[in-house]
Amino acid sequence: MNHLTQENIVVEMRGITKRFPGIIANDNIQLKVKKGEIHALLGENGAGKSTLMNVLFGLYQPEEGDILINGQKVNITSPNVANELGIGMVHQHFMLVEPFTVTENIVLGKEPKKGMSIDIAKAAKDVENLSKQYGLMVDPHAKIEDISVGMQQRVEILKTLYRGAEIIIFDEPTAVLTPQEIHELIEIMHNLVKEGKTIILITHKLKEIMAVCDSVTIIRRGKTIDTLSVANTNPDELAAKMVGREVNFHVEKTEAKPKEVILSVQNVTAMGNRGVNALKGISLDVRAGEILGIAGVDGNGQSELIEVLTGLRKSQGGTIKLRDKDITNKLPREISESGLSNIPEDRHKRGLVLDFTMSENMVLETYFHKEFNKGGFLDYNAIESHAAKLIQEFDVRTPSIHTPARALSGGNQQKAIIAREVHKDPELLIAAQPTRGLDVGAIEFIHKRLVEQRDKGKAVLLVSFELDEILNVSDRIAVIYEGQIVGIVDPKQTNEQELGLMMAGSKRTQGGTSVE
Amino acid sequence: MNKVIGIFTKDSFLVPLVAILLGLICGAIAMLAGGFDPILAYQSLLEKVFGDVYNFGETIRQITPLIFTGLSVAFAFRTGLFNIGAEGQLVIGMIASVYAGVVFDLPPGIHAVVALLIGGIAGGLWGAFVGWLKATRGVHEVITSIMMNWIALYFANWVLQTFLVPEGQQRSENIKDSAVLTIGWLSQMFDSARLHWGTAIALLGAVAFFVILWKTKTGFELRAVGLNPHASEYAGMNVNRNVVKAMFIGGLFAGLGGACEVLGVFHYQAVMAALPGYGFDGIAVALIGGNTPFGVVLGAILFGILTFGATGMKFGAGVPVELIRVVIASVIFFVAAHGIVRLFLKPVLNRKKKEAV
């Protein structure tokens with residue numbers, strides 16, 4: 001850290017310790033951020049990154065330690081104090097009033113007045129100027145509910161700028177963005193730094209750090225591990241420091257030995273939520289002992305396909321067979337009992353009842369089985385021992401089986417869902433975005449489990465927007481575009497460029513039906 | 001023993017307790033402003049309730065329907081629904097059981113049980129209809145259950161006047177003795193206070209509430225659907241059926257409450273000018289009780305004591321009966337705005353935390 005001279009340090013956190021009941025979230029953490037740099041805060045889920053930034057933003061008070069802003073010792077007792085010190089934060093979950101316009105949201109709490117009323121014209125002008133200055137291109141009069149998630153994030157950025165922020169904290173900003181939006185966000189960050197702002201980026205994505213950051217501080221289990229200059233490091237080193245051991249990015253697997261067809265989808269059509277055809281005659285097969293990856297840009301029918309397969313959405317035509325059983329338009333429970341397990345796309349919405357205990361969540365689909373259900377009464381002893389077994393087997397880190405699912409980190413929640421779904425011993429396992437928002441350690445674990453299921457002779461259907469994941473894990477790749485499979489390729493004989501073109505619809509095979 | 005102490009020092013217990021205290025203090029301030037003596041008023045309230053056996057018995061009578069409606073609201077709440085319709089479900093329970101009590105001819109005991117069940121089921125169906133509207137038409141249950149309260153009121157009056165009220169009267173004939181739920185010997189012990197089996201049924205209801213929700217397969221589904229309908233649907237549960245089921249069970253509690261009122265207390269039903277109000281108080285009871293069965297029973301006891309004791313305040317201290325509503329309203333306010341209560345509790349809680357460390 002010798003290259004950091006004292007004059008250009010804008011944020012210094014010395015020996016920050018923050019305890020919560022049962023855990024030490026931050027344990028004597030040190031952080032130094034230089035003026036005008038993009039500084040990454042890297043750590044696994046639950047490592048204490050967000051806690052540290054909430055301390056800096058005044059949402060938490062540390063038990064020990066000092067914060068220095070521009071060399072001055074400060075006491076940040078609330079977000080208002082943080083604002084006055086020029087610290088702004090773009091939260092992962094946006095804090096916007098949906099029916100209000102962009103301008104109204106930005107000036108909220110700091111409205112320019114004209115007599116008794118708000119000078120909204122002046123406010124809009126200010127917002128527009130700021131937006132131009134940093135290349136944000138936000139329409140000040142648009143309503144929040146009408147603009148995309150990426151735009152909403154820009155509104156959050158403008159909010160901090162409007163309040164005069166010099167230091168902007170981004171909490172996992174790319175988690176909710178599409179690849180295109182991520183690209184634009186990176187540009188915006190560069191613009192901000194060019195204008196003299198300092199950025200602290202909370203993330204667990206190594207790619208982003210390598211792409212935008214100048215330096216990186218790694219936190220593991222509440223402790224500072226190291227601060228490095230990005231120019232002198234590489235993803236392998238960062239991953240090892242973050243997880244505390246060597247991480248294997250490459251998924252270890254042997255050649256697939258596909259056997260009989262387990263899932264057969266023939267010409268299935270279905271409507272999307274907006275009443276248009278989301279699936280336009282989709283056909284595919286998944287065999288026992290193989291992982292079929294579905295690659296595609298978000299919104300090309302992936303969600304609808306999974307919903308039709310699991311019985312949540314009615315298909316308008318075509319047939320779906322699981323082994324020899326026709327499961328077209330059957331009820332979710334019947335399909336699940338026929339041997340289909342699913343790791344849902346949205347684990348908070350679909351995968352877990354967050355306020356249920358872990359043990360209750362582990363039997364969410366099987367509570368009515370004889371094993372747990374004694375004449376209408378549930379056998380909680382059996383449910384609890386079942387949960388204890390799964391949690392141990394799948395290394396779910398939870399204080400106890402009575403802990404509500406809400407209290408667990410994302411990675412552990414996902415492990416719990418996988419434990420539940422795999423334990424059902426399905427013929428077909430569908431994994432939709434199984435590693436979204438997870439850190440490298442958890443991703444490695446989940447990929448291993450998927451391959452393990454394959455090797456046990458199960459059929460695995462993997463749906464993901466991450467090309468790396470598709471290329472690494474799948475044995476065959478089906479590309480989905482506008483509700484059709486536009487081609488099936490061998491991952492060993494393709495690359496990101498070719499897949500990218502197919503996903504954009506430009507390399508369409510004739511008739512749009514599947515080819516082997 | 002530690003467990004017991006644990007319960008009493010837990011936040012969920014401490015906060016309502018302090019809310020009640022703050023509510024009583026607000027009521028006292030209102031009394032002072034009106035020129036009354038609050039200490040004398042509260043003293044006479046307690047004297048009224050605990051002063052003699054008759055009034056004590058009548059307080060228990062007052063508490064009983066509040067337990068039922070409190071359970072009704074709390075049960076629906078546990079399954080993600082706001083049952084504002086306990087009032088109407090109670091009225092329907094009353095009219096159905098009074099009909100069965102007057103018209104049917106059955107042996108003693110059996111008649112009472114049949115009339116009770118009919119009242120309960122009628123209330124349950126009244127609630128289930130609200131659930132059905134939500135499940136099939138997507139109408140929000142708050143809107144429909146409020147509207148159904150008024151429909152229940154006028155429907156009950158229409159049934160009364162058309163089938164049960166003799167010419168020139170304002171109330172139905174008395175139910176047959178075979179349908180009566182009053183406990184004669186107990187009433188005599190309490191100086192003819194109107195004590196009835198309904199109180200025991202209400203307490204059993206609280207136990208059933210707990211068993212259904214936390215021990216059965218049905219309860220597992222109901223709670224899952226209430227907490228996260230999307231995940232429940234994914235797990236293969238029928239969300240719509242569970243909404244109807246939850247509203248039926250909620251309505252059943254309120255309906256039983258109504259049935260016990262007519263079979264145990266009045267033995268007849270009068271043409272009503274307004275809704276009786278037990279259902280609305282049930283919302284407050286459920287809120288104070290934290291939507292737990294034990295809490296509901298305690299909340300109902302508090303409400304029963306305050307409302308019944310209010311007449312004592314008038315006699316002893318000249319405080320208008322309506323003022324007790326100020327106290328009740330303040331209690332509800334502080335329970336709902338528990339953030340304010342926590343502010344008052346902060347020094348206490350902080351000390352506890354330090355001891356724990």
Practice prompt. Could you tell me whether Phe220(B) and Phe368(A) have their ring centroids closer than 6.0 angstrom?
Written response: no

Worksheet item: What residue in Ile335(A), Thr366(A), Asp355(A) has the most heavy-atom pairs under 4.5 Å with chain B?
Response: Asp355(A)

Worksheet item: For Ile306(A), is it the side chain, the backbone, both, or neither that has a heavy atom closer than 4.5 Å to a heavy atom of chain B?
Response: side chain

Discussion item. Just checking Phe77(B): does its CZ atom have more than 12 heavy atoms from other residues, nucleotides or ligands closer to it than 6.0 angstrom?
Written reply: no

Worksheet item: Is the Lys NZ or Arg CZ of Lys215(B) less than 6.0 Å from the centre of Tyr380(A)'s six-membered ring, within 45° of the axis?
Response: yes

Worksheet item: What distance separates Tyr234(B) OH from Leu312(A) CG, expressed to the nearest 0.5 Å?
Response: 6.0 Å

Fill in: Side-chain touch Leu378(A)/Trp214(B), heavy atoms, less than 4.5 angstrom
no

Worksheet item: Between atom CG of Leu331(A) and atom CD of Glu233(B), what is the distance when rounded to the nearest 0.5 Å?
Response: 10.5 Å

Worksheet item: When rounded to the nearest 0.5 angstrom, what distance separates NZ in Lys217(B) from OH in Tyr367(A)?
Response: 6.0 Å

Fill in: Asn228(B) side-chain N/O to Leu354(A) backbone N/O, donor-acceptor pair under 3.5 Å
no

Fill in: Most chain B-contacting option - heavy-atom pairs closer than 4.5 Å, from Glu334(A), His348(A), Arg19(A), Arg350(A)
Arg350(A)

Practice prompt. With a 4.5 Å cut-off on heavy-atom pairs, point out which of Asn342(A), Asp379(A), Asp346(A) contacts chain B the most.
Written response: Asn342(A)

Worksheet item: Hey, what do you get for CG (Leu227(B)) to CG (Leu352(A)), rounding to the nearest 0.5 Å?
Response: 12.0 Å

Worksheet entry | Closest non-hydrogen atom pair, Pro332(A) against Gly236(B) | CB-CA, 4.0 Å

Worksheet item: Is it true that atom NZ of Lys424(A) has more than 12 heavy atoms of other residues, nucleotides or ligands lying nearer than 6.0 Å?
Response: yes

Worksheet item: Stepwise, does the side-chain contact (heavy atoms from CB on, under 4.5 Å) test hold for Met237(B) with Leu364(A)?
Response: CA-CA 9 Å; Met237(B) 300 174 197; Leu364(A) 209 55; 4.2 Å; yes

Worksheet item: Is it the backbone or the side chain of Glu360(A) that comes under 4.5 Å from a heavy atom of chain B, or both, or neither?
Response: both

Worksheet item: Does any non-hydrogen side-chain atom of Asn238(B) lie less than 4.5 Å from one of Arg333(A)?
Response: no

